[in-house]
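Down below is the structure, laid out as structure tokens.
As a basis for the values below, the full set of heavy atoms in this structure was taken, side chains included, without hydrogen atoms, waters or symmetry mates. This one's a predicted model, so the numbers in the text were calculated from it and none came from an experiment. Residue numbers start from 1 in every chain, and the chains themselves are labelled A, B, ... in the order their sequence lines are given, proteins ahead of strands.
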Amino acid sequence: MTQHVTLTINGQPYQADIEPRVLLVHFIREVAGLTGTHVGCDTTSCGACTVLVNGTPAKSCTLFAVQVDGAEISTVEGLEQGGKLHPIQEGFFEEHGLQCGFCTPGMMMTSVAFLKEHPNPTDDEIRHAISGNLCRCTGYVNIVKAIQYAADKMRSEQATPPESTEPAMPATPTTPAPTATEAEAVR
Amino acid sequence: MHFEGTQQINAPIQSVFDFLLDANKVAGCAPGFISMDILGPDHFKPTLGVGIGAVKAKFTLDVHLQNVRAPDHGEVTAHGVAAGSAVDLTAVVDLVPVAAAETTFNWFADVTVSGTIASVGARLLESTAHKQIAKFFACFKQKLEAPVSEAPAAEAASSDASPPETPKA
Amino acid sequence: MIPNDFTYFAPGGLPEVWDLLRQHEGEAKILAGGQSLIPLMKFRLAEPAYLIDLRNVPGMALLEERDGSLVIGAMVREAALERSPLIQQRYPGIYEASAVVADPLVRNFATIGGNVAHADPANDHPAMLLALRAQVTAQGPNGTRTMPLDDFLVDTMETALQPDEVLIDIRVPQPLPHTGSAYLKLERKVGDYAIAAVGVMVTLDGGVCSRAGIGLTNVGPTAIRATQAESFLIGKQPDEATLREAARLAAEAADPTSDLHGPAEYKRSMVRTLTARALRLAVQRAQAGGGQ
Amino acid sequence: MTTEAPVTIGGMGHSVKRKEDARFLRGKGHYIDDIKLPGMLYMDIVRSPYAHARIRSIDASKALELPGVLAVITGKDLDAAGLAWMPTLMSDKQMVLPVDRVVYQAQEVAAVIATERYIAADAITLVDVDYEPLPPVIDPFKALEPDAPLVREDREAKTNHIWHWEAGDETRTDEIFQNADVVVKQDLYIPRIHVCSIETCGCVASFDKVEGKLTVYMTTQAPHAIRTVFSLVSGLPEHKIRIVSPDIGGGFGGKVPVYPGYVIASVASIQTGLPIKWIEDRSENLQADSFARDYHISAELAAKSDGTMQALRVKTLADHGAFDAAANPSKFPAGLFSVITGSYQLDAAHVEVDGVYTNKPSGGVAYRCSFRVTEAVHTIERMVDTLAQKLQMDPADLRMKNFIPPEAFPYKSATGWEYDSGNYPAALQKAMAKIDYAGLRREQAEKRARGELMGIGISTFTEIVGAGPSHTFDILGIKMFDSCEIRVHPTGSAIVRIGVQTQGQGHETTFAQIVAEELGLPVENITVEHGDTDTAPYGLGTYASRSTPTAGAATAVAARKIRDKAKKIAAHLLEASPDDLEWVDYKFQVKGAPGRSVTMKDIAFAAYTNFPPDIEAGLEAVDYYDPPNLTFPFGAYICVVDIDRGTGMVKIRRFVAVDDCGNIINPMIVDGQIHGGLTMGMAPALFEAITYDENGNIQQSNLMDYLLPTAMETPVWETDKTVTPSPHHPFGAKGVGESATVGAPPAIANAVVDALSHLGVTHIDIPITPWKVYQILEEHGATEG
């Protein structure tokens, strides 16, 4: 039995009659033909399939398209606006934040959502934020730099227009939960 | 995986033995029993939906009875394939008469699980397999003792699928 | 990996959910965040014929203090817990547990209801909630039941839910003054299940431990409450020797098996280490006035 | 290196931003699963749950009843076409689909062809295979016992022993051992691991029935070699086969082998005349694709009591799984393992390896190190530390004492390799200064006094890359040269085609830089193409850090051929004799008259419009480069770890990596390669291992169980370099992609052992899990308590 699903992807409406089991990532790749979103692990471990669902980063290989019927989806293809790269794209380019490029779209989508809430992040906060996205090539060093580059750039762009946008949700606390190892301090 | 256990059944050895040879009765105790084809006196194909919580795999098992020696010994081999997985089982039952209406039921089972279930479910496999097998043998005791103890309270208590008395993994 | 085909429902109210559960008993599964269920379906280790998505059921994502309890709706996402100032300030143990569930992206969709109702002993919330003496609310066509989480968690992936019942919310007693809680997870990498994890809660009254809760993750068939360790603490000053003895007792309560997350004996030792550390944290928080 | 090119040229030594990023950043890469051809069908594979079983029958009837299923292919179908088996790169053969038995878990058993991916996935569950389980043999030591189950019944030799290989001088080595002051001995196991590139493997095979031509888009690091193998196996003429390697989402060696899926998809396409897509899922990738390492090593090091190292003796059991499908050069069944004498002067060495079959998927492939160098380096670097511990010497001092001195290069090693160049003391000194080694040792002593556990580990490794010289190196007889073809267009831009294949290394940028440097054309005007066998010159592909040493050299030589011709055209334009011209600042000028000069752009135009009568039109060149020797990059790594006494958790606090890969084309890219390599070195040291239960079930079949490090576990790598050019490479480069993966694991293992050495600990096998450490602490009463 198929079901009618409508999604807005990067501002464009897409609709199709699909089996309920169609994964969001396959809707994006096969129905909408946007192949920048990749499948890496199938088990919600690697984050190569990360897209934004109503602004929230999600692993699209672990959501059925029917679950997000009616949602606004943002993918890597929507980052560039009017021929101008998004600061996160610039950051990855300038800081050599990618090698094979396969994890890059997911990594960038996670970063875009993160930077909205954390315009001035520490390196540790960035590492925490991207810990659901695996990269096998870069060792993460330059990805962290790329995200800092984008943060700088976005702050300087923000500084120009008078109105500042409110963050959608309260920010996560700046310190991640202590791990057992960190909690050594209190032993 | 090797499992074994012992239980005391309040029934004569012959009725326990007869029960064991009755494929329908035994299959009724199998976890997640769905249906069964009987291909011969010692060859059966039950279909079971085995699992816990959301995890469920449907196996059709190819079961052979072997080395049956009345009134106290029987062996069974079973083999089945499902969801990229396979299960192979050998079980041996030995009965010892204790009294006219009391039998010691000794069992052990060797189970090999292969494929996806073994790889993905390894974390939960041994405890789950142990519980399912223990339930299976505990069910014999309930069924065999059920007609004797007619009190509804006892019935309710025994339907609580309690594990056998001395299970050892 | 492609899941089996199924029929999908996203009803707008609980009565329809109950009806569907009754109609398709044994073949239907509730879909909350789907972050555990969907991977299982992709391995075809779960093949439900019907999925009933709770996303359109109103009122299931409440997060508020009411009538002496913190009420957490079953559909509250982990990320919402992690970001809630109420949780961060008043329930540090819950905050710490939600912040170590899988990874940050999974937490955007994973729900606390799913985490609890999946009843995987490796899930992080149940142990913390056991320590906090949480109650769960189940609703079905025959009414509403409230029970301690201890009773709800029956066995590995088995709960006390009736086939047509739905887990509605989780209720945690509001902390008394001088209460501290903490959740510590030992994991090899972000996204992995715990080698072991411990959630604790301590209330101090005049420098003496008046209430204590200790829950253990992934060291038994369900999340385990370390009751002996809890009672040991009561009426005692939380000095180092006391905390260590409680930790030792907690390790005795663990019932781990050897697997990829380590040998059983190691896990037991980790329960001891983590309990001692978590208790120290919780006591510090309680002494700092936690809960007020 | 000549004078540094102006930024506008972007030649050698510049951190030119990558050209390929433009498409990746926009989600416009072309990875294998992005390819969609008209009429394309999908393939999915039925796999064995058993590690060893006889196949009694395969019943596909239920699968064929499913609407959308077009075919189910079994081993019997392939056997009829003579394609049930295929050759491996190691002169063994491998099942494509089994006819009557499976020999490892997740082995391909049958393939389903369907109109849609989802239907194919449903159909594989409906193929009914009747198996008779056979006892598997999982442990390679047991595999050699006389009554062990036989993995390969198809072979004439009824044994699980595959081959014996040795290098060095056994007699001399034994003599030294007999008279040595000190001997240290250690068994090491380097576990089976999986490259696990984030993109899995797959292909789209498309046979054009009219043209009789098969095009296979596939995730391969070596398209030309694959084309030749496909031609030999299928009987299709080689010009009727086109292999296209699109963008590759990480290779690391896992995309060198030919997997059965590629072959089955190709057969299916030839039969149906329709394109067939096959994409592995992650579980298939982790379970069935080739694995690395799995070496059981027993090593002994002999030394004088003053610490002078004398001889090394090594015996190894190599678990190759069910097929010897490693991707080594033909003459090297154990790869370049004999580089095991490392950076040290030894009088003699003897190394033995025995290859063994077990009921596991093929092993012996790569994990960012193709040729067994990681295993060798881990062994020698651990042995040096073991000796230092025994002699109570500082491991840095012991290394300094035994390094091959800079003036000894070219150096002939005890196992016969000729090291091209090196300056090991300089690299170690730089690393020690950067990390403040003396300060760390003081800190360690203080911490130890307080009962805290901190360790410092050193690895001073030598790599061996750039295979290789044709006298020694071939794969299936094809010599391991590599190639480049350059065409300069009339307006001064150029296209460069190379025989190697990027999987993220940035070839489109670095190879353009080589040409920019040699020809003085701006890097942005140079396009680099590769991966399409119809257009690229023949090459052996990218693995084993060979691109720069081989194809990079070919590129420089081809460019120099163009420059030679350009000189003649320049002479014509400048009305001077070629002998009077010199190449200065990226242009030809008349000696002593700098005002009289022409640029390559001017020359390019003239090459098509105004060339001298005795010269052909055009400005093109091809070079097939046969390297005279391998290159020997090296490095000095120092790692600092802290150990939690309550949990056994190891935390890398600092890691300094000083690498020397000779002259550098693009420092930004080299740094990136080292960051990635270090992370893939840390991963097996602390996290990753593939294990099997006694029935042959893999225990890490997905990324929930196989632990790839995230940004949280990965430390901030600190990199630095020394530069010791290769004397024989055209621009003095050596290759770098795998250095860090090779060098990092022993630095980490040495650091952990160092942290525990005062307890008498001398060795811990990798991966160093927290429970291994905790158990040691417990044994010595050193836990937190």
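The candidate from Glu95(A), Met108(A), His86(A), His26(A) with the greatest count of non-hydrogen atom pairs under 4.5 Å with chain D is His26(A). For the set Val144(A), Leu85(A), Ile126(A), Thr44(A), the count of heavy-atom pairs under 4.5 angstrom toward chain D peaks at Leu85(A). Contact count against chain D (heavy-atom pairs under 4.5 Å) is highest for Leu98(A) among Leu79(A), Leu98(A), Val76(A), Asp42(A). By number of non-hydrogen pairs under 4.5 angstrom with chain D, the leading residue of Cys100(A), Gly33(A), Pro105(A) is Cys100(A). Contact tally against chain D (heavy-atom pairs below 4.5 Å) for Glu77(A), Glu19(A), Glu94(A): the top residue is Glu94(A). For chain D, the option among Gly139(A), Ala129(A), Gly101(A) with the highest count of heavy-atom pairs below 4.5 Å is Gly139(A).
Looking at Ala683(D), the atoms closer than 4.5 Å to chain A (heavy atoms on both sides) all sit in the side chain, from C-beta outward. Asp33(D) touches chain A through backbone and side chain together, each having a heavy atom under 4.5 Å away. In this structure, chain A has heavy atoms under 4.5 Å from both the backbone and the side chain of Gln673(D). When heavy atoms are compared at a cutoff of 4.5 Å, Thr138(A) approaches chain D solely by way of its backbone atoms N, CA, C and O. For Arg117(D), the part sitting under 4.5 Å from any heavy atom of chain A is the side chain, from C-beta outward, and nothing else. Contacts between Pro709(D) and chain A at a heavy-atom distance below 4.5 Å involve backbone atoms as well as side-chain atoms. With a 4.5 angstrom heavy-atom cutoff, Met704(D) touches chain A via backbone and side-chain atoms both. Within the 4.5 angstrom heavy-atom criterion, atoms from both the backbone and the side chain of Leu708(D) approach chain A. In this structure, the portions of Asp34(D) lying under 4.5 Å from any heavy atom of chain A include both its backbone and its side chain. Residue Ile669(D) touches chain A through both its backbone and its side chain, counting heavy-atom pairs closer than 4.5 Å.
If you take OG on Ser45(A) and CD1 on Ile198(D), they are separated by 10.0 Å, rounding to the nearest 0.5 Å. With rounding to the nearest 0.5 angstrom, the CG atom of Leu134(A) is 11.5 Å from the OG1 atom of Thr679(D).
For Arg127(A) (side chain) and Ala711(D) (main-chain N/O), a donor-acceptor pair under 3.5 Å exists by modelled atom type. Side chain of Arg136(A) to main chain of Val195(D): a donor-acceptor pair is present (N/O by atom type, distance under 3.5 Å, no hydrogens or angles). With Arg282(D) contributing its side chain and Gly40(A) its backbone, the two residues share a donor-acceptor pair below 3.5 Å.
Closest non-hydrogen pair, Cys46(A) versus Leu703(D), comes out as CB-CD1, 4.3 Å. Nearest heavy atoms, Tyr31(D) versus Phe102(A): OH-N, 3.3 Å. Taking each heavy atom of Val22(A) and Tyr118(D) in turn, the nearest pair found is CA-OH, 3.5 Å.
Centroid-to-centroid, the aromatic rings of Tyr140(A) and His675(D) stay 6.0 Å apart or farther.
Checked by atom type, the side-chain pair Gln503(D)/Gln99(A) shows no donor-acceptor distance below 3.5 Å.
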